[in-house]
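Notes follow the structure.
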Amino acid sequence: MSDFLSQYKRTHTCGELRASNVGQRVTLCGWVQNYRDHGGAIFIDLRDRYGITQLKFDPTVDEAAHQQADRLRSEWVVGVCGTVVSRGENVNPKMATGEIEVLGELLEIFNPSLTPPFEIGDAPSANDNLRLEFRYLDLRRRPLQENLILRSRMNKLTRDYFDSQGFLEIETPILMKTTPEGARDYLVPSRVNPGQFYALPQSPQTLKQILMIAGYDRYFQIARCFRDEDLRADRQPEFTQIDLEMSFVNQNDVFEVLEGLMKAIVEPVTGQPVVTPFPRLTYREAIERYGSDKPDTRFGMELGSLTDILAESQLKVFADVVGSGGVIKAMNVKKGAEFSRSQLDKLTDFVKIYGAKGLAWIKINAEGWQAPIVKFFSDAEKAAIGERLGLEVGDLVLIVADQYRIAHESMGQLRAHLGKTLELADPNRYDLLWVVDFPLFDEADGKLNAMHHPFCNPNPADFELLFSDPGKVRAQGYDMVMNGNELGSGSIRCHRQDIQRRIFELLGIGEEEAEQKFGFFLRALQHGTPPHAGFAVGMDRLVMLLAGATSLRDVIAFPKTQKATDLMMQTPSRPDATQLTELKIRVTQ
RNA sequence: GGGGUGGUAGUUAAGUUGGUUAUAACGCCGGCCUGUCACGUCGGAGGGCGCGGGUUCAAGUCCCGUCCACCCCGCCA
């Protein structure tokens, strides 16, 4: 190991030298981005996370340094001492440091590099496989560095904001307790308690509520969470939440704090204004108008209901759907009459993914309505449809008739899909809104599941329904939505033990099970629980949206593949037999 | 568990209806070159087509299976 670094301190980064530095003697460190050997002069583009500076090695300036420079190849790490000189006529206006170059007088090769398997450029130059295997090389790319820099900045903005609002940052354990419902847990065996396991937290939910009971009335944490479920572009098994909980507050108080948080993060990062308070939509309204509980409100194209108009339709499929309690939802795609038959077929295939049996369409042409189904419509029906959807020549009507849930979901997905492909949303806009009044329960196969989580307070107005018609109970739960993405959710917590027990009962969690799984929590609730409420923001998604990325992998330093593996460290992997023996675990496969 | 897309030199891609020694660009190696910044220029090396079967006189090209990556459905309180 050379003593270069004890003799020469790095004086500047590769992104900061300007014309005003000409004449200074500087020391830079970085990676060789590119080299151009002219036989005499050798030009090296030296890169670090701050930028790129051109080095010039001239044999008439320093023979030894020039000979060293002749050996340099892509991604070698070097330190260089030299003088900042003007490039004179040869300024490169494309580079921030393009007015100057550093005339190399002493070159230290810290380390050579193997030839990189792919080019370290702005655009990804290899498939995901290879990029993930050589993550450290992919992370050298400018766009990924910018994303991680943005993320770091957002972490600081978050901490500063909560600090300014009197919140305490409190860490909760990673080794937690398995939970009875929700996602699958990641389990960690306990060596000193053979046969027993910890679970990694799906969220710090119970502990942050216990912190309220303990009197820490304003808590936040940038918390790592773990869920063993299948992945998506916007879902990693290990992710980060901006988690918070507050005592003695109502829903509006929570909203105010979060609106302030979003303002504090989004405005400096995007330069776009965040208007507060955010608009509010009830869950039901969101579903009926947008077919989604996380609508993108940057564009219109809202869903309309044709159920009443077509209840008696000559078209048997429509009338039958209405007769059996279903609904008919429609959407007016402006200028959509130009869609080709094959495009419409693709849209039909699209809604089928979500369970719709088909997609009807009508083109509004100058000569009249064009569609296979038009002949079944009376003039009165056509007039009513035209008025309901605001139809004009050139429009395209898309219709799904199905059960309530399928009709709304498939049309909602279709609306989002068309919004993307037709570029209906302004990419520079950040539409934040609250979706409120979620149902407390989700009914599937006659069984009730918690829509949010089992500690969510029922709307006090609906307490009676907990005993008469639990499926209709509204929760004091709310989601934050931005540009069609669920950014987070929260609720007023249930702080009455009798209500909490009734909820467990309805969820099919028996006394004994509740005691075993949540006993600690139910006991805590009896020791002076303040009314409290909280929220959690999906940090990774927020970074992704503000970075303009389309995958969480682009905002997480070391992400997992869709099969939840890490191709760089090659995990998961089999433990040593001795480890398993110590843990008293036998692997059966 | 299911649907879709992709896998061909180090990399990115092309490869006609199955048919002589599998193309290109970038990268890599060597020579020349003192104003390049996608440097230029001359020369060179490098793969048998993800893997395993099968059909055929003949298979990147067709069939079956399998692995990996990505997107989606289910799943994700």
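Sequence lines set the chain letters: A, B, ... in the order given, protein chains first and strands last, and positions in each chain run from 1. The model shown is predicted, which means the values in this text are computed figures rather than measured ones.
Separating the CD1 atom of A:I44 from the P atom of B:C39 is a distance of 12 Å, rounded to the nearest angstrom. The separation between A:I42 atom CD1 and B:C32 atom C1' is 13 Å, rounded to whole Å. Distance, A:R36 CZ to B:U36 P: 10 Å, rounded to whole Å. Rounding to whole angstrom units, CD of residue A:E133 and C1' of B:G50 are separated by 14 Å. Atom CZ in A:R553 sits roughly 9 Å away from atom C1' in B:A69 (whole-Å rounding). For A:L130 and B:C70, the CG to C1' distance is 14 Å, given to the nearest whole Å. Whole-Å rounding puts the A:E229 CD to B:G1 P distance at 14 Å. Here the C1' atom of nucleotide B:G35 and the CG atom of A:D45 are 13 Å apart, to the nearest Å.
Between B:C51 and B:G18, the two P atoms lie 22 Å apart (nearest whole Å). Rounded to a whole angstrom, the distance from the C1' atom of B:G46 to that of B:C28 is 9 Å. For the C1' atom pair drawn from B:A45 and B:G50, the interatomic distance equals 24 Å after rounding to whole Å. Rounded to a whole angstrom, the distance from the P atom of B:A25 to that of B:A14 is 16 Å. Taking atom C1' on both B:U61 and B:C49, the two are 10 Å apart, rounded to the nearest angstrom. Separation of the C1' atoms belonging to B:U17 and B:A38 is 39 Å when rounded to the nearest angstrom. B:G60 and B:G44 have their P atoms separated by 28 Å, given to the nearest Å. Between B:U20 and B:G6, the two C1' atoms lie 30 Å apart (nearest whole Å).
Here A:E101 lies in heavy-atom contact (under 4.0 Å) with a base. Using a 4.0 Å heavy-atom distance criterion, A:M95 is classed as a base contact. Looking at heavy-atom distances under 4.0 Å, A:D228 makes no contact with the nucleic acid at all. At a threshold of 4.0 angstrom between heavy atoms, the contacts of A:Y35 are confined to the sugar-phosphate backbone, with no base atom among them. Residue A:P454 is in base contact, counting any heavy-atom pair closer than 4.0 Å across all strands shown. Counting any heavy atom pair closer than 4.0 Å across all strands shown, A:R232 reaches a base atom. If you check every strand for non-hydrogen atoms under 4.0 Å, A:D58 touches a base. Nucleic acid contact class of A:N127 (heavy atoms, under 4.0 Å, all strands): sugar-phosphate only. Heavy atoms of A:F455 sit nowhere under 4.0 angstrom from any nucleic acid atom.
Residue A:T561 is the one, among A:T561 and A:R227, whose nearest nucleotide of RNA chain B lies closer to the 5' end (criterion: closest heavy atom). When the nearest nucleotides of RNA chain B are assigned to A:K94 and A:A126 by heavy-atom distance, the more 5′-ward of the two goes with A:A126.
Using a cutoff of 4.0 Å between basic side-chain nitrogens and carboxylate oxygens, A:R501 and A:D498 are not scored as salt-bridged. Using a cutoff of 4.0 Å between basic side-chain nitrogens and carboxylate oxygens, A:K472 and A:D462 are not scored as salt-bridged. A:R227 and A:E238 are not joined by a salt bridge, as no carboxylate oxygen comes within less than 4.0 angstrom of a charged side-chain nitrogen.
A donor-acceptor contact under 3.5 Å is formed by the side chain of A:D230 with the base of B:G74. In terms of polar N and O atoms assigned as donor or acceptor, the side chain of A:E119 never comes within less than 3.5 Å of the base of B:U12 in a complementary pairing.
In the set B:A69, B:U12, B:C29, the nucleotide with an atom closest to the side chain of A:K563 is B:A69. Ranking B:A69, B:C28, B:C37 by closeness to the A:Q54 side chain, first place goes to B:C37. For A:D37, taking side-chain heavy atoms from C-beta onward, the closest of the listed nucleotides B:C33, B:U34, B:C28 is B:C33. For A:Q562, taking side-chain heavy atoms from C-beta onward, the closest of the listed nucleotides B:C70, B:G35, B:G74 is B:C70. Of the listed nucleotides (B:C76, B:G10, B:C28), B:G10 has the atom at the smallest distance from the side chain of A:P117. Checking B:G30, B:G27, B:C75 against every side-chain atom of A:R73, the shortest atom distance belongs to B:G30. Here the side chain of A:T115 is nearest to one of B:A69, B:U34, B:C28, namely B:C28.
Here A:H38 does not lie in a stacked arrangement on the base of B:U36, lacking the combination of planes under 30° and ring centres under 5.5 Å apart. Once the 5.5 Å centre distance and the 30° plane angle are applied, the aromatic ring of A:F118 is found not to be stacked with the base of B:U11.
B:G60 shows a glycosidic angle within 90° of 0 and is accordingly assigned syn. Anti is the classification of B:G65, since its glycosidic angle lies more than 90° from 0.
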Requested in this report: Just do the side chain to side chain contact (heavy atoms under 4.5 Å, CB included) check on A:H417 and A:L347 with the steps written out, would you?
Outcome: CA-CA 9 Å; A:H417 174 72; A:L347 296 183; 4.1 Å; yes

Query - Step-by-step side chain to side chain contact (heavy atoms under 4.5 Å, CB included) determination, A:T561 to A:D566 - result: CA-CA 6 Å; A:T561 68; A:D566 183 310; over 6 Å; no

Report task. Could you walk me through whether A:L414 and A:L359 pass the side chain to side chain contact (heavy atoms under 4.5 Å, CB included) test, one step at a time? Result -> CA-CA 10 Å; A:L414 184 61; A:L359 179 72; 3.9 Å; yes

Query raised in the report: What do the steps show when you test A:R474 against A:F438 for side chain to side chain contact (heavy atoms under 4.5 Å, CB included), and what is the final call?
Result: CA-CA 6 Å; A:R474 286 168 302 164; A:F438 274 77; over 6 Å; no

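With both pairing distances under 3.5 Å, B:G40 is matched to B:C32 as a Watson-Crick or G-U wobble pair. Nucleotide B:G46 is matched to nothing when pairs are restricted to Watson-Crick or G-U wobble geometry with both distances under 3.5 angstrom. Under the Watson-Crick or G-U wobble criterion, with both distances below 3.5 Å, B:G6 is paired with B:C68.
Of all heavy-atom pairs between A:A564 and A:Y186, the closest is CB-OH, 4.5 Å.
A close approach under 4.0 Å does not occur between any side-chain nitrogen or oxygen of A:T550 and OP1 or OP2 of B:C70.
Exactly one residue among A:D228, A:T178, A:D185 makes a side-chain contact (heavy atoms from CB on, under 4.5 Å) with A:Q202. That residue is A:D185.
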